[in-house]
Amino acid sequence: MKEKELRRSQAVLPIGTVMKLTNLSARQIRYYEEQELVIPARNEGNRRMYSLNDIDKLLEIKDFLADGINMAGIKRIYEEQAEKQAEKQAELSKPLTDEDVRRILRDEFINVSRLTKSNGYSFRTNRNL
DNA sequence: GTTCTAACA
DNA sequence: TGTTAGTA
């Protein structure tokens with residue numbers, strides 16, 4: 001599932017193609033970059049190169065605009081989105097709580113118990129787990 | 001021919 | 001946001 005993400009983030013589309021795909025003008029696409037909403041990669045000749053993810057984001061911005069949301073509003077939406085993702089990242093880096101450890105240990109015992117029984121062995125204590 | 005930046009009769 | 005000028 002990671003190979004796919006890499007492809008979607010591969011910047012291979014010139015602005016002309018993006019214009020046709022999104023129905024946005026070059027002026028608008030560049031303006032959104034100025035507003036730091038979609039920052040494309042640049043090739044050797046300083047030409048903007050967009051990825052499929054960039055296309056999706058531009059289409060999303062287009063929808064927000066159609067719904068009457070202004071630049072400031074869209075920026076806020078993405079800022080809040082970034083905050084929530086940062087929280088989830090922090091959550092993942094937190095050390096395990098005692099409760100987490102007990103739950104993991106219990107699941108492990110259940111697995112061991114099942115495998116052991118299939119081999120004809122069993123522990124009396126398994127019944128209490 | 002396409003894209004870039006900067007600027008506005 | 002459109003459009004145009006002068007480049008690369």
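Given the structure is predicted, the values throughout are model-derived calculations rather than measurements. The sequence lines fix the lettering, A, B, ..., with proteins before strands; numbering per chain opens at 1.
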(Q) So, using salt bridge (Lys or Arg N to Asp or Glu O under 4.0 Å) as the criterion, who are the partners of A/R103 when residues are at least two apart? (A) A/D100
Q: With sequence neighbours excluded, tell me which residues meet side-chain contact (heavy atoms from CB on, under 4.5 Å) with A/M49.
A: A/A11, A/N43
Q. Residues in side-chain contact (heavy atoms from CB on, under 4.5 Å) with A/T17, at least two apart?
A. A/L13, A/P14, A/L21
**Q.** Contacts of A/E108 that satisfy side-chain hydrogen bond (donor to acceptor under 3.5 Å, both in side chains) - sequence neighbours left out
**A.** none
**Q.** Summary of salt bridge (charged side-chain N to carboxylate O under 4.0 Å, His left out) pairs that have at least one residue in residues 84-98 of chain A, sequence neighbours excluded
**A.** A/E91-A/K94
Q.
Restricting to salt bridge (Lys or Arg N to Asp or Glu O under 4.0 Å), what partner residues turn up for A/R76, sequence neighbours left out?
A. none
Q.
Walk along nucleotides 2-9 of chain B from 5' to 3' and tag each nucleotide B, S or - by protein heavy-atom contact under 4.0 Å, base first, then sugar-phosphate.
A. BBSB-B--
(Q) Can you give me the first and the last nucleotide of DNA chain C (5' to 3') that has an atom within less than 4.0 angstrom of a non-hydrogen atom in chain A? (A) C/dT1 to C/dA8
(Q) Give me each pair satisfying salt bridge (charged side-chain N to carboxylate O under 4.0 Å, His left out) with a member in residues 51-74 of chain A, each pair once, sequence neighbours excluded. (A) A/R8-A/D56
Q: Please collect all salt bridge (charged side-chain N to carboxylate O under 4.0 Å, His left out) contacts where either partner lies in residues 23-49 of chain A, sequence neighbours excluded, each pair once.
A: A/E33-A/R42, A/E33-A/R48
Q. A/Q28: what forms a side-chain hydrogen bond (donor to acceptor under 3.5 Å, both in side chains) with it, not counting sequence neighbours?
A. A/S25
Q: Enumerate, in order of first residue number, the stems that involve DNA chain B, defined as 3 or more consecutive Watson-Crick or G-U wobble pairs with both distances under 3.5 Å.
A: B:4-8 with C:2-6
Q | Side chain proximity check, A/L65 to A/Y32, heavy atoms < 4.5 angstrom | A | yes
